[in-house]
Amino acid sequence: MRENQLKRKLKQGEVVLGPFVNCAYPAFVEICGHAGFDFAIIDMEHSPLHTLVAEDLCRAADCVGIAPVIRVRKNDPPQIQRALDIGSAGVQVPQIETKEDAEAVVRSAKYSPLGSRGLSFNTRAGLYTAVGTQISDKLNEESLVVIHVEGKRGVENIEEIVSVPHIDVIFLGPYDLSQSLGIPGQVRDARVVELMEKCVTAIRNAGKVAGTFADNPEAAKLWIKAGVQYVGLGVDVAIFLRACQALVKAVRES
């Protein structure tokens, strides 16, 4: 079975970059790999993507050697299981607010004895039984578990949340956090930044990886300097829009 290189990079302390993917066209994910990204977050929370499309996007990521991570719509066992069964490198679960929420993610993402994920090897993750059925421990070891802390309540409970075993990355959502503070979209507001910095410290002190979203290189560099390793850098549709706007502007203003 293929090793999860994204997980290896994180354990080695490397900074990894990956965009959120909303488009169903597999070539967009291939392009992400050719551009030098480490992973792609296939977004099933805010995009119209469905499972069959997501599976093909995972294949495209594997073709270019980047890790496909699937963000599910909510902390729901069937959604988490399906995201992993289609052969993703990991699952990303939004709106985690308590230690109990985080423990539920682990139960859904890991096979026994670590969790209670439904057992079938007739899946892409199980190589359709090509490597036999004694692989649950290996799949437990290789799967990456990412949880979002993106609201005021989650921030308040961060010390308990980071204590949960078998979670690899705690992803801080600046936009949802700004909304929970009553200042939606103001992600560089001092109140948002201060809370996120406190969370990064707590996450790193617990021996886990801090992640966040950055919609431009400057924001990414600031958070990397603050100790973030796992950076969701932009969204494919917005990246395409900015590129198109730059082209149009360059021609019309010449």
Side-chain angles (χ1 to χ4, degrees), residues 4 6-7 10 16 18-24 26 28-29 32 39-62 66-111 114-120 123-126 139-140 142-151 153-154 161 164 166-177 179-180 208-209 211-213 230-237:
N4 189 336
L6 177 61
K7 198 165 183 176
L10 292 171
V16 295
F20 282 82
V21 174
N22 287 12
C23 291
F28 270 50
V29 174
C32 290
F39 64 99
I41 303 168
I42 299 166
D43 191 358
M44 298 184 72
E45 181 186 12
H46 288 299
S47 79
L49 298 177
H50 57 74
T51 305
L52 284 174
V53 168
E55 187 176 49
D56 282 341
L57 297 180
C58 288
R59 291 188 176 98
D62 288 341
I66 65 174
V69 179
I70 294 182
R71 177 163 73 169
V72 295
R73 291 178 176 86
K74 63 178 181 177
N75 190 0
D76 174 64
Q79 290 187 40
I80 293 170
Q81 176 176 304
R82 180 160 290 189
L84 292 167
D85 279 353
I86 63 176
S88 67
V91 65
Q92 197 156 317
V93 183
Q95 301 295 340
I96 300 304
E97 296 186 332
T98 66
K99 180 180 180 180
E100 291 73 24
D101 289 344
E103 289 171 338
V105 174
V106 174
R107 285 196 300 272
S108 299
K110 300 296 186 181
Y111 295 111
L114 305 182
S116 55
R117 176 180 167 188
L119 187 63
S120 172
T123 61
R124 186 167 185 269
L139 289 171
N140 274 348
E142 296 297 329
S143 62
L144 187 78
V145 178
V146 183
I147 60 170
H148 282 229
V149 172
E150 47 194 344
R153 189 179 178 208
I161 290 171
V164 176
H166 311 301
I167 290 173
D168 302 292
V169 180
I170 290 89
F171 188 94
L172 304 170
Y175 280 94
D176 278 324
L177 180 56
Q179 178 170 246
S180 76
K208 298 187 186 300
V209 173
T212 195
F213 173 75
Y230 180 95
V231 182
L233 185 57
V235 182
D236 58 356
V237 290

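Values reported hereafter were calculated over all heavy atoms of this structure, with side chains retained and with hydrogens, waters and symmetry mates removed.
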For [X] versus [Y], what's the shortest heavy-atom pair and its separation?
{"X": "Ala60", "Y": "Pro26", "result": "CB-O, 3.5 Å"}
{"X": "Thr212", "Y": "Pro174", "result": "OG1-CD, 3.5 Å"}
{"X": "Leu139", "Y": "Ala125", "result": "CD2-O, 3.8 Å"}
{"X": "Gly232", "Y": "Phe213", "result": "O-CD1, 3.1 Å"}
{"X": "Val164", "Y": "Lys208", "result": "O-NZ, 3.0 Å"}
{"X": "Val149", "Y": "Gly154", "result": "CG1-C, 3.5 Å"}

Working to the nearest 0.5 angstrom, can you tell me the gap between [X] [atom1] and [Y] [atom2]?
{"X": "Leu52", "Y": "Leu57", "atom1": "CG", "atom2": "CG", "result": "11.0 Å"}
{"X": "Glu103", "Y": "His166", "atom1": "CD", "atom2": "NE2", "result": "11.0 Å"}
{"X": "Ile170", "Y": "Ile161", "atom1": "CD1", "atom2": "CD1", "result": "8.0 Å"}
{"X": "Thr51", "Y": "Asp56", "atom1": "OG1", "atom2": "CG", "result": "11.5 Å"}
{"X": "His148", "Y": "Leu177", "atom1": "NE2", "atom2": "CG", "result": "13.0 Å"}
{"X": "Phe20", "Y": "Asp236", "atom1": "CZ", "atom2": "CG", "result": "11.0 Å"}

Within the structure provided, determine whether [X] and [Y] are in side-chain contact (heavy-atom separation under 4.5 Å).
{"X": "Val106", "Y": "Ile167", "result": "yes"}
{"X": "Ile66", "Y": "Cys32", "result": "yes"}
{"X": "Val29", "Y": "Cys23", "result": "no"}
{"X": "Ile70", "Y": "Cys58", "result": "yes"}
{"X": "Tyr230", "Y": "Val69", "result": "yes"}
{"X": "Leu10", "Y": "Lys7", "result": "no"}
{"X": "Gln92", "Y": "Glu45", "result": "no"}
{"X": "Ser143", "Y": "Asn4", "result": "no"}

Counting N and O atoms only, with roles assigned by atom type, does the side chain of [X] sit under 3.5 Å from a partner on the main chain of [Y], one being a donor and the other an acceptor?
{"X": "Asn140", "Y": "Lys110", "value": "no"}
{"X": "Asn22", "Y": "Val237", "value": "no"}
{"X": "Asp168", "Y": "Val145", "value": "yes"}

* Arg153 and Asp101: CA distance, side-chain angles, deciding distance, salt bridge (charged side-chain N to carboxylate O under 4.0 Å, His left out) verdict -> CA-CA 12 Å; Arg153 189 179 178 208; Asp101 289 344; 5.7 Å; no
Just distance, no hydrogens or angles: give the donor-acceptor pairs under 3.5 Å from side chains in residues 77-86, sequence neighbours left out.
residue, atom, partner, partner atom, Å
Gln79, OE1, Arg73, N, 3.0
Gln81, OE1, Gly118, N, 2.9
Asp85, OD1, Arg117, NH2, 2.9

